[in-house]
Each structure stands twice: as C-alpha cells, then as structure tokens.
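To start, the structure under review is shown below, and the notes come after it.
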There are 2 protein chains.
Amino acid sequence: MSRSPELHETADRLHSVAIHLLRRLRKVDEATGLSGPRLSALSVIVFAGPVTMTELAAAEQVKPPTMTRLVQGLEAEGLVRRRGDSDDARVSRVEATPRGRRILLDGRTRRVEMLSSLLEALDPAAREEVHRAVESLEGVVRSPSN
Amino acid sequence: MSRSPELHETADRLHSVAIHLLRRLRKVDEATGLSGPRLSALSVIVFAGPVTMTELAAAEQVKPPTMTRLVQGLEAEGLVRRRGDSDDARVSRVEATPRGRRILLDGRTRRVEMLSSLLEALDPAAREEVHRAVESLEGVVRSPSN
DNA sequence: GAATAATAGTTAGCCGTGCTAAGTATCTTC
DNA sequence: GAAGATACTTAGCACGGCTAACTATTATTC
C-alpha cells in the first residue's frame, strides 16, 4: 500500500495548490454579490437554459428542498424567473433573466481573467507544462466514481 | 486586457480540475465523520500544538465566536481538550486528544493515498510534468495577496 | 374510468457554520 | 486603583444542508 515519497509529496502539494487556487477564485466571486451555492445554481440555469427544479437539484448535488430555497433567493433578487411547463403542470422551469445572465457572465469573465493573470506570471515553457499537466489530471480526475 | 485564447482555455480547465480534485477529497474526508470546518480546525490543533482560541480563529480565517462553537463541538466528541494558560487566565489553550490525533492522521493518510492513486494512473513522464506544474503554480498562487 | 402508485415541488422544522453586538473576566497602563 | 485593552463567550440573526410529511398532478392498472 505505501507509495513512493515523491508521489506523496506531489499529492500533498497538489492538494495545497488546489485549495489556494479555489480560495483565490472564491474571493473574485464575491464581487458578484452572490453566495457560492446561488452563483453555482445560477450558472447551471444560464448555461442549461430553462431547467426543472429536479434537474437543477441533481446538477448541484443537492436535495430538492434546498434547491427550492436557492431558487427562491435568486428569484427575489430578480436574477431568475419561473414558468410552468405546458405539458406537465407539476414541473416548474427556471430560466435566467437578462440581469441574472449578465451578472453571471461578468463574474465568469473576472474569474478567468484572474486565473489568466496568474498563468501570465509564468514563462511560456512553464505555462505549456501547466497546460499539459491539466490535461493529464483531467483524464484522471474525471473518469471514475462520481 | 483580453488575453490569448489558449490562456483562457488553460485557465478554465485549471479551474475545473481544481474543483473536481477538491470534490474527490471532500468525499474521502467524509470517512472521518467530521464536517469540513471541524476537520480543518482539528488539523491546526494537531499540527500547531496547544493553540489559543484567537490563534485558531485567525488560522481558520473565522471570527472568534465561530471558533468557540467549532471547538465546543470537537470537545464534545472527545477529539480535543482545553487547558487554561498558566500565565494569563483569559486565554484557553486547545490541544488534541490521542483519539483526535488518530482520527486526523488517518484521514490525512486516506487523502494522500487517494491523490497518490490518481497520480499513479499517469505514466511517469506525465507524473513528472504534474510535479513541475504544481511547483510553478505554487509560486504563483502563494505569492501575492493573502 | 376509478383506484392506486409514482413523480414534481413545497412546507416545516432540525442542525451546523458564518456573522455582529454585547457581555464577562482578566490583564495592562498610567 | 481606575481606565482601557484583550481573550473569550453568549445571544441572536442569516443561510444552506438535510429529512419527513404534505399537495398537486400524471401514469398505471384492474
């Protein structure tokens, strides 16, 4: 079971870097004025078009009652709007308002800009290396389990 | 202001990889039976020896009342113990019990094992690349701002 | 076609974690 | 030794997660 020390070291530092990266991103996201869960839900709503509550809850890995309240919050801030489904009176479809869409897209821009500026601090060779490492990790992190 | 598309792409994918990595880690951490904030506080207590409440709150970037409750929770589960300071009767020093230490260290082991097993899925060249990329990112992510 | 089962959402109510404001107890300082 | 600073706690609010239980619809089954 025990693995090489180098592997452990890389693993440990990878963990730490991931934490620090996301901490930075969270700070940037504060400018949207939205909490993490609301911002994340809004993102699904913006990119997945009109969505049902159940789909939204599943996408956010949250139970339906939790999503009910998140959407109520977004609705109260005028970022989101609901319409009944024409075929099935039980379902309620959620879509972003123009304001919701703008706030989300602006936040997304800030986030990518922040990360890009970090990467710009690297010389081109290192940047290329980060790119390839990200590709490797994508394969490995996405594939199995959840 | 607008940057090269490759930069944006790397930034975006880096973001996504970081999110997925931490999601995996959170799942592993569930085995400790502790919430994120409690686990994180316990980690500081274990590694920084007896600590004052104020130091703990600062380390966890949380206000003192929040730390009061986190420590009360850990104490109720027998993972942590408090002693008064001999020099200053206002301060209260927190230290881990043997059980607290064991739970934390076991969790830490599981976490590193999980990451290591991800890295093991890569061929040695890719692994080496990830290692170097992590070093680059460390420099860039740690340096400025908090 | 009426009864039953399944599905989509919501409401009610709990717990944990974040906060601020305000209190207590203990130093420190003048 | 009185005034102020410091360490921590208590009280009370908001929010996000959950389960259990409810309503309203749609689907099934006999």
Side-chain angles (χ1 to χ4, degrees), chain A residues 19 22-23 26-27 29-30 32-45 48-77 79-95 146, chain B residues 19 22-23 26-27 29-30 32-45 48-95 103 146:
Chain A
I19 285 174
L22 290 193
R23 190 170 293 164
R26 215 172 305 130
K27 197 149 282 178
D29 282 344
E30 280 173 14
T32 60
L34 291 176
S35 70
R38 283 187 191 179
L39 189 57
S40 182
L42 180 57
S43 169
V44 174
I45 296 165
V51 206
T52 70
M53 295 301 281
T54 301
E55 286 164 356
L56 250 185
E60 290 300 272
Q61 312 202 50
V62 133
K63 300 295 173 190
T66 300
M67 192 46 72
T68 292
R69 274 187 316 199
L70 287 174
V71 168
Q72 282 168 350
L74 289 170
E75 207 176 5
E77 300 192 55
L79 307 179
V80 126
R81 183 194 303 132
R82 326 176 58 162
R83 319 182 328 242
D85 187 286
S86 39
D87 291 355
D88 189 336
R90 291 171 303 179
V91 332
S92 158
R93 300 205 113 85
V94 192
E95 65 190 5
N146 118 57
Chain B
I19 285 174
L22 290 193
R23 190 171 294 166
R26 215 173 304 128
K27 198 149 283 180
D29 282 345
E30 280 173 13
T32 60
L34 290 176
S35 70
R38 283 186 189 181
L39 190 57
S40 182
L42 179 57
S43 169
V44 174
I45 296 166
V51 204
T52 70
M53 295 300 283
T54 301
E55 286 164 355
L56 252 184
E60 290 299 274
Q61 311 201 49
V62 132
K63 300 295 176 189
T66 299
M67 192 46 72
T68 292
R69 273 188 316 199
L70 286 175
V71 168
Q72 282 168 349
L74 289 170
E75 207 175 3
E77 300 192 54
L79 307 178
V80 126
R81 184 194 302 133
R82 324 175 62 162
R83 317 182 332 239
D85 188 286
S86 40
D87 290 356
D88 188 336
R90 291 170 306 180
V91 334
S92 158
R93 300 204 114 86
V94 191
E95 64 190 5
I103 286 183
N146 112 60

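This structure is a prediction, so every number in the text was calculated from the model and none was measured. First the proteins, then the strands, lettered A, B, ... as listed; each starts at 1.
- Rounded to an integer number of Å, the gap from L39(A) CG to dC15(D) P is 16 Å.
- Mapped onto DNA chain D by nearest heavy atom, P37(A) and R90(B) fall at different nucleotides, with R90(B) at the one closer to the 5' end.
- Atom NZ in K63(B) sits about 23 Å away from atom P in dG16(C), given to the nearest Å.
- Whole-Å rounding puts the M67(B) CE to dG16(C) C1' distance at 14 Å.
- The CZ atom of R93(A) sits 14 Å away from the C1' atom of dG9(C) (whole-angstrom rounding).
- Here dT26(D) presents its P atom at 5 Å from CG of D88(A), a figure rounded to the nearest Å.
- D87(A) comes within 4.0 angstrom of sugar-phosphate atoms only, judged by non-hydrogen atoms across all strands, and of no base.
- A distance of 5.0 Å separates CG of L79(B) from CD1 of I103(B), quoted to the nearest 0.5 Å.
- At a threshold of 4.0 angstrom between heavy atoms, the contacts of E55(B) with the nucleic acid are absent.
- For P65(B), counting side-chain heavy atoms from C-beta on, the closest listed nucleotide (dT9(D), dG9(C), dT17(C)) is dT9(D).
- Using a 4.0 Å heavy-atom criterion, one finds that T66(B) contacts the bases of the nucleic acid, with or without backbone contacts as well.
- Side chain of L70(B), nearest nucleotide from dG18(C), dG16(D), dG9(C): dG18(C).
- Residue contacts shown for T54(B) are limited to sugar-phosphate atoms, with no base heavy atom under 4.0 Å away.
- In this structure, CG in D29(A) is found 9.5 Å from OG in S40(A), a value given to the nearest 0.5 Å.
- Between L34(A) atom CG and dA14(D) atom P there is a gap of 18 Å when expressed in whole angstrom units.
- Interatomic distance, S92(B) OG to M53(B) CE, rounded to the nearest 0.5 Å: 6.0 Å.
- Comparing V51(A) and P64(B) by the nucleotide of DNA chain C that holds the closest heavy atom to each, the one mapping nearer the 5' end is V51(A).
- At a cut-off of 3.5 angstrom, counting only N and O atoms as typed in the model, there is no donor on one side facing an acceptor on the other between the side-chain of R38(B) and the base of dG16(C).
- Within 4.0 Å of S92(B), counting heavy atoms only, lie sugar-phosphate atoms of the nucleic acid but no base atom.
- E60(A) comes within 4.0 angstrom of no nucleic acid atom, judged by non-hydrogen atoms across all strands.
- Computed from coordinates, the M53(A) CE to dT25(D) C1' distance equals 17 Å when rounded to whole Å.
- Atom CD in E75(B) sits about 13 Å away from atom C1' in dC8(D), given to the nearest Å.
- Below the 3.5 angstrom threshold, one finds no donor paired with an acceptor across the side chain of R69(B) and the base of dG16(C).
- For V62(B), whose side chain is taken as the heavy atoms from C-beta onward, the closest listed nucleotide among dG18(C), dC8(D), dA21(C) is dG18(C).
- For the atom pair T52(B) OG1 and R90(B) CZ, the distance stands at 11.0 Å (nearest 0.5 Å).
- When heavy atoms are screened at a 4.0 angstrom cut-off, R82(A) is found touching the sugar-phosphate backbone but no base atom.
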